[in-house]
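Input: a single structure, listed below in structure tokens.
As the structure is a computational prediction, the values presented were derived from the model and not from experiment. We use all heavy atoms of the structure for the numbers below, so side chains are in, but hydrogens, waters and symmetry mates are not. Just so you know, ligand 1 is whichever comes first in the structure, and atom 1 is the first atom listed for that ligand.
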Amino acid sequence: MTPLKLIEKAEEARLHSYSPYSGFKVGAALLCSDGTVYTGCNIENASFTPTICAERTAFFKAVYDGRRDFTAIAIVGGKDTPDSACAPCGVCRQVMGEFCGPDFMVYFPDGKGGIIAEPLSAILPHSFKL
Ligand code: THU
């Protein structure tokens, strides 16, 4: 699957966002090695802390299904349209580090009309592991 197709799937996922507090809707599309895509959106909470990001929603759905073979993720976000800069947060990077190798690819908009494509090794160097 091309990065652009994966981004399209993240845009579809973003439509499911529950984000009444921030108004910032995020969607993620997580690609497995056999072409299966798991999607996720951010789901907020009045108590704020229980809020989950779109990326972790996608990862936890996939891991529940027994998947571990991830090759890439696309993330998009924004209040009105999905074209804001939307780099994954540190917590989500740590979750990627749990399940993905250094070559796992991460695609997200730079907020200026472009897409940033980085391997996990570039956006999560020296990750914590037990
Ligand atoms: N958010 C994500 O879904 N993914 C990220 O990597 C960063 C932030 C969500 C959480 C919250 O609902 C909203 O964006 C504003 O922080």
Ser17 and Ser19 side chains, donor-acceptor separation under 3.5 Å: yes
Distance-only polar pair, side chains of Asn45 and Ser47, donor-acceptor under 3.5 Å: no
For Asp65, all residues meeting salt bridge (Lys or Arg N to Asp or Glu O under 4.0 Å), sequence neighbours excluded: none
Residues which pass side chain to side chain donor-acceptor pair (under 3.5 Å) with Glu11, listed by chain and number, not counting sequence neighbours: none
Within the protein, residues bringing a heavy atom under 4.0 Å of ligand 1, chain by chain: Ser22, Phe24, Val26, Asn42, Glu44, Thr51, Cys53, Ala54, Glu55, Ala87, Pro88, Cys89
Over 12 non-hydrogen atoms of neighbours within 6.0 angstrom of NZ in Lys61: yes
Pairs involving residues 108-128, ordered by first then second residue, that meet side-chain hydrogen bond (donor to acceptor under 3.5 Å, both in side chains) (sequence neighbours left out):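 Pairs touching residues 108-128 that pass the test: Ser127-Lys129.
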